[in-house]
Amino acid sequence: MKRSRARRAPRRERTPAHDGPTPAGLLARLAPLGPYFAVATTPPPDAASYRPLTALPGAAFDDWTARVGARLGTGAGRVAASTVHLGHVARLWSLALGAVALGGGVPDLGPDRLRFTLSPEGAPSLWADEPTARPADEDPVPALHSLLTAHLAPLHAHLRTRYGLSPHTLRGNTASALTGTVRVLLDRVPEAPRNPGPLAARLLSTPDLGDNGTYVYDPDLGVAYRRNSCCLYYRTPRGTLCGDCVLHGARGRRG
(Lines give C-alpha, C1' and ligand atoms only; values in the text may rest on other atoms or scores of the structure.)
Protein backbone atom coordinates (compact mmCIF):
# COMPACT_ATOMS: atom_id res chain seq x y z
CA MET A 1 0.00 0.00 0.00
CA LYS A 2 1.20 3.48 -0.80
CA ARG A 3 1.04 6.41 1.54
CA SER A 4 1.49 10.08 0.85
CA ARG A 5 4.97 11.22 1.84
CA ALA A 6 3.91 14.71 2.85
CA ARG A 7 3.17 14.94 6.57
CA ARG A 8 0.02 16.72 7.62
CA ALA A 9 -0.67 18.89 10.60
CA PRO A 10 -2.90 17.08 13.12
CA ARG A 11 -6.54 17.72 12.42
CA ARG A 12 -8.93 19.08 15.01
CA GLU A 13 -12.52 18.09 14.51
CA ARG A 14 -14.81 21.13 14.57
CA THR A 15 -18.47 20.88 15.44
CA PRO A 16 -20.52 21.80 12.36
CA ALA A 17 -22.41 25.06 12.72
CA HIS A 18 -26.18 24.98 12.95
CA ASP A 19 -26.44 28.02 10.69
CA GLY A 20 -24.51 28.11 7.46
CA PRO A 21 -24.72 27.46 3.74
CA THR A 22 -27.78 25.76 2.31
CA PRO A 23 -27.43 22.20 0.98
CA ALA A 24 -27.32 23.66 -2.53
CA GLY A 25 -24.63 26.09 -1.42
CA LEU A 26 -22.49 23.30 0.03
CA LEU A 27 -22.85 21.22 -3.12
CA ALA A 28 -21.82 24.24 -5.19
CA ARG A 29 -18.66 24.55 -3.07
CA LEU A 30 -17.79 20.95 -3.94
CA ALA A 31 -17.93 21.45 -7.72
CA PRO A 32 -14.40 22.93 -8.09
CA LEU A 33 -12.95 19.72 -6.65
CA GLY A 34 -13.63 17.93 -9.93
CA PRO A 35 -16.34 16.38 -12.12
CA TYR A 36 -17.16 13.68 -9.58
CA PHE A 37 -18.25 16.41 -7.17
CA ALA A 38 -20.48 18.26 -9.64
CA VAL A 39 -24.27 18.37 -9.47
CA ALA A 40 -26.70 21.00 -10.70
CA THR A 41 -29.16 22.27 -8.10
CA THR A 42 -31.29 24.35 -10.46
CA PRO A 43 -32.86 23.13 -13.72
CA PRO A 44 -30.18 22.83 -16.44
CA PRO A 45 -30.92 23.98 -20.01
CA ASP A 46 -31.41 20.37 -21.13
CA ALA A 47 -33.54 19.40 -18.12
CA ALA A 48 -35.92 17.38 -20.29
CA SER A 49 -33.18 14.84 -21.02
CA TYR A 50 -32.63 14.00 -17.33
CA ARG A 51 -34.12 10.88 -15.75
CA PRO A 52 -34.36 9.94 -12.06
CA LEU A 53 -31.81 7.41 -10.89
CA THR A 54 -34.67 5.11 -9.93
CA ALA A 55 -34.69 4.31 -13.66
CA LEU A 56 -31.01 3.33 -13.76
CA PRO A 57 -31.20 -0.41 -12.97
CA GLY A 58 -32.17 -1.99 -16.28
CA ALA A 59 -32.07 -0.59 -19.81
CA ALA A 60 -30.69 2.79 -18.73
CA PHE A 61 -27.64 1.19 -17.14
CA ASP A 62 -27.20 -1.12 -20.12
CA ASP A 63 -27.20 1.90 -22.45
CA TRP A 64 -24.60 3.60 -20.24
CA THR A 65 -22.48 0.46 -20.26
CA ALA A 66 -22.66 0.20 -24.05
CA ARG A 67 -21.43 3.78 -24.46
CA VAL A 68 -18.54 3.30 -22.04
CA GLY A 69 -17.69 -0.11 -23.50
CA ALA A 70 -17.43 1.44 -26.96
CA ARG A 71 -15.06 4.09 -25.62
CA LEU A 72 -12.93 1.56 -23.71
CA GLY A 73 -12.88 -0.97 -26.53
CA THR A 74 -14.27 -3.74 -24.34
CA GLY A 75 -17.83 -4.01 -25.58
CA ALA A 76 -20.86 -3.88 -23.31
CA GLY A 77 -19.90 -6.67 -20.94
CA ARG A 78 -18.66 -7.19 -17.39
CA VAL A 79 -15.59 -4.95 -17.66
CA ALA A 80 -17.53 -1.94 -18.91
CA ALA A 81 -20.34 -2.54 -16.43
CA SER A 82 -17.89 -2.66 -13.51
CA THR A 83 -16.19 0.52 -14.76
CA VAL A 84 -19.52 2.35 -14.98
CA HIS A 85 -20.50 1.10 -11.54
CA LEU A 86 -17.24 2.26 -9.95
CA GLY A 87 -17.51 5.72 -11.45
CA HIS A 88 -21.16 6.06 -10.54
CA VAL A 89 -20.61 5.10 -6.91
CA ALA A 90 -17.65 7.49 -6.72
CA ARG A 91 -19.97 10.33 -7.71
CA LEU A 92 -22.49 9.36 -5.06
CA TRP A 93 -19.84 9.25 -2.34
CA SER A 94 -18.26 12.50 -3.54
CA LEU A 95 -21.50 14.45 -3.23
CA ALA A 96 -22.78 12.88 0.00
CA LEU A 97 -19.54 12.62 1.96
CA GLY A 98 -18.25 15.86 0.48
CA ALA A 99 -21.21 17.82 1.81
CA VAL A 100 -20.71 16.25 5.25
CA ALA A 101 -16.99 17.07 5.23
CA LEU A 102 -17.80 20.72 4.54
CA GLY A 103 -19.91 20.79 7.70
CA GLY A 104 -23.36 20.05 6.35
CA GLY A 105 -25.79 17.25 6.92
CA VAL A 106 -26.19 14.30 4.57
CA PRO A 107 -27.94 15.73 1.49
CA ASP A 108 -31.20 14.24 0.26
CA LEU A 109 -29.83 12.79 -2.95
CA GLY A 110 -31.84 9.59 -3.04
CA PRO A 111 -32.53 7.90 -6.37
CA ASP A 112 -35.93 9.60 -6.59
CA ARG A 113 -34.37 13.05 -6.13
CA LEU A 114 -31.14 12.75 -8.10
CA ARG A 115 -31.47 12.83 -11.88
CA PHE A 116 -28.95 12.04 -14.63
CA THR A 117 -28.27 12.38 -18.31
CA LEU A 118 -25.44 10.99 -20.45
CA SER A 119 -23.16 12.40 -23.10
CA PRO A 120 -22.72 10.31 -26.29
CA GLU A 121 -19.49 8.92 -24.76
CA GLY A 122 -21.21 7.97 -21.51
CA ALA A 123 -20.13 10.86 -19.28
CA PRO A 124 -22.94 11.54 -16.78
CA SER A 125 -24.31 14.86 -15.58
CA LEU A 126 -26.34 15.02 -12.37
CA TRP A 127 -29.11 17.30 -11.17
CA ALA A 128 -30.90 17.53 -7.82
CA ASP A 129 -33.44 20.35 -7.77
CA GLU A 130 -33.37 22.37 -4.54
CA PRO A 131 -31.95 19.59 -2.35
CA THR A 132 -32.57 19.36 1.38
CA ALA A 133 -30.33 17.69 3.97
CA ARG A 134 -30.29 15.97 7.31
CA PRO A 135 -29.39 18.09 10.37
CA ALA A 136 -25.69 18.97 10.35
CA ASP A 137 -25.18 18.06 14.01
CA GLU A 138 -26.40 14.45 13.80
CA ASP A 139 -24.19 11.42 13.27
CA PRO A 140 -23.92 11.21 9.46
CA VAL A 141 -22.91 7.55 9.16
CA PRO A 142 -26.39 5.95 9.38
CA ALA A 143 -27.81 8.41 6.83
CA LEU A 144 -24.83 7.92 4.49
CA HIS A 145 -25.29 4.17 4.73
CA SER A 146 -29.02 4.44 4.04
CA LEU A 147 -28.47 6.78 1.09
CA LEU A 148 -25.96 4.52 -0.64
CA THR A 149 -28.04 1.43 0.07
CA ALA A 150 -31.09 3.04 -1.55
CA HIS A 151 -29.07 3.59 -4.72
CA LEU A 152 -27.07 0.38 -4.77
CA ALA A 153 -29.39 -2.39 -3.64
CA PRO A 154 -31.51 -2.40 -6.84
CA LEU A 155 -28.52 -1.59 -9.03
CA HIS A 156 -26.43 -4.43 -7.63
CA ALA A 157 -29.28 -6.86 -8.23
CA HIS A 158 -29.27 -5.86 -11.90
CA LEU A 159 -25.48 -6.10 -12.18
CA ARG A 160 -25.44 -9.57 -10.70
CA THR A 161 -28.22 -10.83 -12.97
CA ARG A 162 -27.34 -9.06 -16.22
CA TYR A 163 -23.54 -9.03 -16.10
CA GLY A 164 -22.58 -11.73 -13.61
CA LEU A 165 -20.65 -9.33 -11.39
CA SER A 166 -20.15 -10.87 -7.97
CA PRO A 167 -21.27 -9.20 -4.74
CA HIS A 168 -17.60 -9.26 -3.69
CA THR A 169 -16.57 -7.20 -6.71
CA LEU A 170 -19.45 -4.76 -6.25
CA ARG A 171 -18.64 -4.25 -2.57
CA GLY A 172 -15.00 -3.75 -3.50
CA ASN A 173 -15.92 -1.11 -6.05
CA THR A 174 -18.06 0.63 -3.44
CA ALA A 175 -15.23 0.62 -0.92
CA SER A 176 -12.66 1.75 -3.47
CA ALA A 177 -14.89 4.63 -4.53
CA LEU A 178 -15.32 5.67 -0.89
CA THR A 179 -11.60 5.68 -0.11
CA GLY A 180 -10.84 7.53 -3.33
CA THR A 181 -13.31 10.21 -2.28
CA VAL A 182 -11.64 10.50 1.11
CA ARG A 183 -8.23 10.98 -0.53
CA VAL A 184 -9.50 13.83 -2.68
CA LEU A 185 -11.19 15.54 0.25
CA LEU A 186 -8.13 15.26 2.49
CA ASP A 187 -5.86 16.58 -0.26
CA ARG A 188 -8.03 19.41 -1.55
CA VAL A 189 -10.01 20.45 1.53
CA PRO A 190 -7.51 19.71 4.33
CA GLU A 191 -9.17 22.11 6.78
CA ALA A 192 -12.72 20.84 6.24
CA PRO A 193 -14.87 21.07 9.39
CA ARG A 194 -15.50 17.33 9.54
CA ASN A 195 -12.79 14.76 8.91
CA PRO A 196 -13.89 12.13 6.35
CA GLY A 197 -11.13 9.66 7.26
CA PRO A 198 -12.69 8.22 10.45
CA LEU A 199 -16.17 8.34 8.89
CA ALA A 200 -14.95 6.10 6.07
CA ALA A 201 -13.53 3.62 8.58
CA ARG A 202 -16.96 3.30 10.20
CA LEU A 203 -18.72 2.94 6.85
CA LEU A 204 -16.30 0.25 5.71
CA SER A 205 -17.01 -1.76 8.85
CA THR A 206 -20.55 -2.42 7.63
CA PRO A 207 -20.85 -5.76 5.78
CA ASP A 208 -22.47 -4.36 2.63
CA LEU A 209 -20.09 -1.45 1.97
CA GLY A 210 -16.74 -3.21 1.95
CA ASP A 211 -14.94 -6.31 0.69
CA ASN A 212 -12.80 -6.85 3.79
CA GLY A 213 -9.96 -4.88 2.26
CA THR A 214 -7.32 -3.12 4.36
CA TYR A 215 -8.07 0.51 5.20
CA VAL A 216 -5.61 2.70 7.09
CA TYR A 217 -6.17 6.31 8.05
CA ASP A 218 -3.42 8.34 9.71
CA PRO A 219 -3.99 12.03 10.50
CA ASP A 220 -0.43 12.81 9.44
CA LEU A 221 -0.07 10.58 6.38
CA GLY A 222 -3.60 10.33 4.98
CA VAL A 223 -5.31 7.22 3.64
CA ALA A 224 -4.11 3.89 2.33
CA TYR A 225 -6.37 1.15 1.02
CA ARG A 226 -5.88 -2.26 -0.56
CA ARG A 227 -9.10 -3.83 -1.73
CA ASN A 228 -9.66 -7.56 -1.55
CA SER A 229 -11.12 -7.79 -5.06
CA CYS A 230 -10.60 -6.43 -8.58
CA CYS A 231 -12.74 -4.04 -10.63
CA LEU A 232 -11.61 -5.79 -13.88
CA TYR A 233 -10.20 -2.63 -15.48
CA TYR A 234 -6.97 -4.52 -16.21
CA ARG A 235 -8.93 -6.38 -18.91
CA THR A 236 -9.31 -3.21 -20.99
CA PRO A 237 -6.91 -2.67 -23.90
CA ARG A 238 -4.86 -0.42 -21.61
CA GLY A 239 -4.40 -3.33 -19.23
CA THR A 240 -3.46 -1.31 -16.13
CA LEU A 241 -4.09 -2.17 -12.49
CA CYS A 242 -5.72 0.34 -10.18
CA GLY A 243 -3.60 1.55 -7.28
CA ASP A 244 -5.62 -0.36 -4.67
CA CYS A 245 -6.06 -3.59 -6.67
CA VAL A 246 -5.67 -6.95 -4.97
CA LEU A 247 -3.72 -8.19 -8.02
CA HIS A 248 -0.63 -6.07 -7.29
CA GLY A 249 2.16 -8.54 -6.78
CA ALA A 250 0.19 -11.44 -8.22
CA ARG A 251 1.46 -10.81 -11.75
CA GLY A 252 5.02 -10.74 -10.53
CA ARG A 253 4.58 -14.00 -8.63
CA ARG A 254 3.12 -15.63 -11.73
CA GLY A 255 5.81 -14.23 -14.02
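In this chain, numbering begins with 1 at the start of the sequence shown. Nothing here was measured: the structure is a model prediction, and the numbers come from that model.
The pair D139-R202 meets the salt-bridge criterion, with a side-chain N (NZ, NE, NH1 or NH2) lying under 4.0 Å from an Asp/Glu carboxylate O. A salt bridge links R162 and D62; the closest N-O separation between the charged side-chain nitrogens and carboxylate oxygens is under 4.0 Å.
Between atom CG of residue L97 and atom CZ of residue F37 there is a gap of 8.0 Å, rounded to the nearest 0.5 Å.
Between S166 and R160 the shortest side-chain heavy-atom distance does not fall below 4.5 Å. Between L178 and L209, every side-chain heavy-atom pair lies at or beyond the 4.5 Å cut-off. F61 is not listed as a side-chain neighbour of L53, based on a closest heavy-atom distance of 4.5 Å or more. Considering only heavy atoms from C-beta on, H85 comes within 4.5 Å of L170 through its side chain.
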Working for salt bridge (charged side-chain N to carboxylate O under 4.0 Å, His left out), residues R183 and D187: CA-CA 6 Å; R183 286 193 188 95; D187 286 343; over 6 Å; no

Evaluation steps, side-chain contact (heavy atoms from CB on, under 4.5 Å), between T174 and H156: CA-CA 11 Å; T174 303; H156 286 183; 3.9 Å; yes

Full working for side-chain hydrogen bond (donor to acceptor under 3.5 Å, both in side chains) between T117 and D46: CA-CA 9 Å; T117 191; D46 56 344; 5.0 Å; no

Test side-chain hydrogen bond (donor to acceptor under 3.5 Å, both in side chains) applied to S146 and T149, step by step: CA-CA 5 Å; S146 295; T149 300; over 6 Å; no

From CA spacing to verdict: side-chain hydrogen bond (donor to acceptor under 3.5 Å, both in side chains), H88, H151: CA-CA 10 Å; H88 176 55; H151 280 278; 4.7 Å; no

Steps toward side-chain hydrogen bond (donor to acceptor under 3.5 Å, both in side chains) verdict (D208, H145): CA-CA 9 Å; D208 50 349; H145 182 274; 3.0 Å; yes

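In this structure, R91 satisfies the cation-pi test against Y36, with its NZ or CZ atom closer than 6.0 Å to the six-membered ring centre and inside 45 degrees of the ring normal.
For T41 and D129, the side-chain atoms include no donor-acceptor pair closer than 3.5 Å. A donor-acceptor contact closer than 3.5 angstrom links the side chains of D244 and S176. There is a side-chain donor-acceptor pair under 3.5 Å between S229 and R227.
Both V79 and V68 belong to a common hydrophobic cluster when Ile, Leu, Val, Met, Phe, Trp and Tyr are linked at side-chain heavy-atom distances under 4.5 angstrom. The cluster map of Ile, Leu, Val, Met, Phe, Trp and Tyr, joined by side-chain heavy atoms under 4.5 Å apart, puts Y215 and L86 in different clusters. Under a hydrophobic-cluster definition in which Ile, Leu, Val, Met, Phe, Trp and Tyr are linked whenever side-chain heavy atoms come within less than 4.5 Å, directly or via other members, L152 and L204 are assigned to the same cluster.
Taking the six-membered ring where the residue is Trp, Y50 and W127 present perpendicular rings, their angle passing 60° and hence far from 30°.
Each of L147, L109, V100 was evaluated against L95; a single residue qualifies, L109, per the side-chain contact (heavy atoms from CB on, under 4.5 Å) test. When L27, L114, D108 are each tested for a side-chain contact (heavy atoms from CB on, under 4.5 Å) with P131, only one passes: L27.
Side-chain atoms of T179 come within 3.5 Å of backbone N or O of A175 as a donor-acceptor pair.
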